[in-house]
J.: 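Attaching a single structure in structure tokens format; questions to follow.
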Amino acid sequence: MAEHVAHVERKRVYVTIWIVLLCFTALTTGVAYIDLGSNWNTVVALAIAVCKASLVVLFFMHVRNVSERMVRVVIVTAIFTLTVLIVISFSDFATRKLIPPPPGLRQASHIVVHHLGEEQ
Amino acid sequence: MAEEHAALVAEQFDDQLQQYQTATLGMWIFLATEILFFGGLFAAYTIYRYQYLPAFEIGSHHLSVLWGGTNTAVLICSSLTMAMAVRCAQLGKKKPLIAFLFVTLIFGFLFLLIKFGEEWRHEYLEGLAPGVNFTYHGPHAVHVELFMFFYFFMTGLHALHMIVGCGIMITLIILASRNYFQEKFNAVEIAGLYWHFVDIVWIFLYPLLYLIGGRFPH
């Protein structure tokens, strides 16, 4: 009945993915107790999270076998937009200390602060 | 045959395949908006974590890795039972379908019980609930409060999605017991997509909230 519409995955595949996901959860927790230096703990934790999410999307959410290309387009669009949101927003805050504001802007912000001070 | 076909396929679709693909695509578009719904919070989290990393580490170390990790495992198990439920719906097996949906619902309740009954209660009693009971006066107190605000809002929004998911499970169990899914499995399939998505959000929340800066002695 449904077989000709949707691809029916084998049970063994689901169980394997489930075991791998549980192992990754144990791994990410275990790695947190090891000092990897500077920011490597965060990088490893995020890399494991991305792997886990990919497994869920590909196998549990059937993207591996989905017949429609449009679904993939929607997923890629969502991830791209999310990346733009985080990277562009973050690049502003991450570079504020590197580049000092031009003198004119500093003066202007001083005037604003002064003006607000008068109101209070 | 024609009557059977009409019962299975809604008027606006050519055939069952088109109906199936439309339902799946529609759910994925909804999930794309959900990614950006949570994405705003993740973007704000990234920026403030960068600016106040020491405070975020202190806040993170007040959370329970044991319960956070347990809840991660609970959600992964619920994703397996949900995937099995979808499989049963595809094959038209009514009894195992109801059983798997029921186990998924139990895992969902278990997650919420641990989240609210153990973790939130504990953090509230410890004086780490911003705006309600915040009594932490150690270093970086203001920004530890900011972290706890992120923690409560992000896990709260996630828990809200879990509550909605449990409601969907209850609805599916009722419909399945009335033989609604004998031929139509689309609803179970797209409910599964939603459930797995909520699992994925938690997969990112767990390391980002509970494991900041590692748990080794500094």
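Residue numbers begin at 1 in each chain, while the letters A, B, ... track the order of the sequences.
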J.: Is any side-chain heavy atom of A:His62 less than 4.5 Å from a side-chain heavy atom of B:Glu189?
T.: yes

J.: Is there any residue in residues 25-33 of chain A with a non-hydrogen atom under 4.5 Å from a non-hydrogen atom of chain B, and which ones are they?
T.: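 Heavy-atom contacts from residues 25-33 of chain A to chain B are A:Thr25, A:Thr28, A:Thr29, A:Ala32, A:Tyr33.
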
J.: With side-chain contact (heavy atoms from CB on, under 4.5 Å) as the test, would you mind laying out the steps for B:Met84 and A:Tyr14 before giving the verdict?
T.: CA-CA 8 Å; B:Met84 295 302 280; A:Tyr14 286 142; 3.7 Å; yes

J.: Which atoms of A:Val50 come close to chain B, meaning under 4.5 Å heavy atom to heavy atom: side chain ones, backbone ones, both, or neither?
T.: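 Both backbone and side chain.
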
J.: At a 4.5 Å cut-off on heavy atoms, which part of A:Val76 comes close to chain B: side chain, backbone, both, or neither?
T.: neither

J.: Heavy-atom pairs under 4.5 Å with chain A are the metric here; pick the option from B:Gly68, B:Gly40, B:Cys77 that has the most.
T.: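 Greatest number of close heavy-atom pairs with chain A: B:Cys77.
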
J.: For chain B, which of A:Leu36, A:Val87, A:Val71 has the most heavy-atom pairs under 4.5 Å?
T.: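 Result: the option with the highest number of such pairs is A:Val71.
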
J.: Compute the centroid of each ring, for A:Phe90 and then for B:Tyr50, and state whether the two points are separated by less than 6.0 Å.
T.: yes

J.: Relative to chain A, which segment of B:Gln51 carries a heavy atom at a distance below 4.5 Å: side chain, backbone, both, or neither?
T.: side chain

J.: Might you point out which heavy atoms bring A:Arg10 and B:Arg87 nearest each other, and give the distance in Å?
T.: C-NE, 4.1 Å

J.: Any side-chain heavy atom of A:Phe24 sitting closer than 4.5 Å to one from B:Ile203?
T.: no

J.: Looking at B:Phe197 and A:Met61, what are the two nearest heavy atoms and their distance?
T.: N-CE, 4.0 Å

J.: Restricting to non-hydrogen atoms, name the atom on A:Leu85 and the atom on B:Ala43 that form the minimum distance, rounded to 0.1 Å.
T.: CG-CB, 4.1 Å

J.: Given heavy-atom pairs under 4.5 angstrom as the criterion, report whether the side chain, backbone, both or neither of B:Val201 touches chain A.
T.: neither

J.: Answer whether the closest heavy-atom distance between the side chains of B:Ile76 and A:Lys52 falls below 4.5 Å.
T.: yes

J.: If we only count heavy atoms from C-beta on, is the B:Arg49 to A:Thr42 side-chain gap below 4.5 Å?
T.: yes

J.: So for atom CZ, which belongs to A:Phe93, do other residues, nucleotides or ligands contribute more than 12 heavy atoms lying within a distance under 6.0 Å?
T.: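 Check passes, neighbour count above 12.
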
J.: Please give me the minimum heavy-atom distance between B:Ala32 and A:Val74, naming the atom from each residue.
T.: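 Here B:Ala32 and A:Val74 meet closest at CB-CG1, 3.9 Å.
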
J.: Please flag which part of A:Ile75 lies under 4.5 Å from any non-hydrogen atom of chain B: side chain, backbone, both or neither.
T.: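 Just the side chain, heavy atoms under 4.5 Å.
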
J.: Check whether A:Leu82 gets within reach of chain B through its side chain, its backbone, both or neither, counting any heavy atom under 4.5 Å.
T.: both

J.: When rounded to the nearest 0.5 angstrom, what is the spacing between CG in A:Leu21 and OG in B:Ser79?
T.: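 Spacing of CG (A:Leu21) from OG (B:Ser79) equals 8.0 Å.
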
J.: Can you run down the side chain to side chain donor-acceptor pair (under 3.5 Å) pairs that involve residues 78-95 of chain A, sequence neighbours left out, and say none if there aren't any?
T.: A:Asp92-A:Arg96

J.: Identify which part of B:Leu25 has an atom lying under 4.5 Å from any heavy atom of chain A, answering side chain, backbone, both or neither.
T.: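 B:Leu25 touches chain A through backbone and side-chain heavy atoms alike.
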
J.: Show your working on side-chain contact (heavy atoms from CB on, under 4.5 Å) between A:Asn41 and B:Ile212 and close with a plain yes or no.
T.: CA-CA 8 Å; A:Asn41 278 87; B:Ile212 297 177; over 6 Å; no

J.: In Å and rounded to the nearest 0.5 Å, what is the CZ to CH2 distance from A:Phe60 to B:Trp195?
T.: 13.5 Å

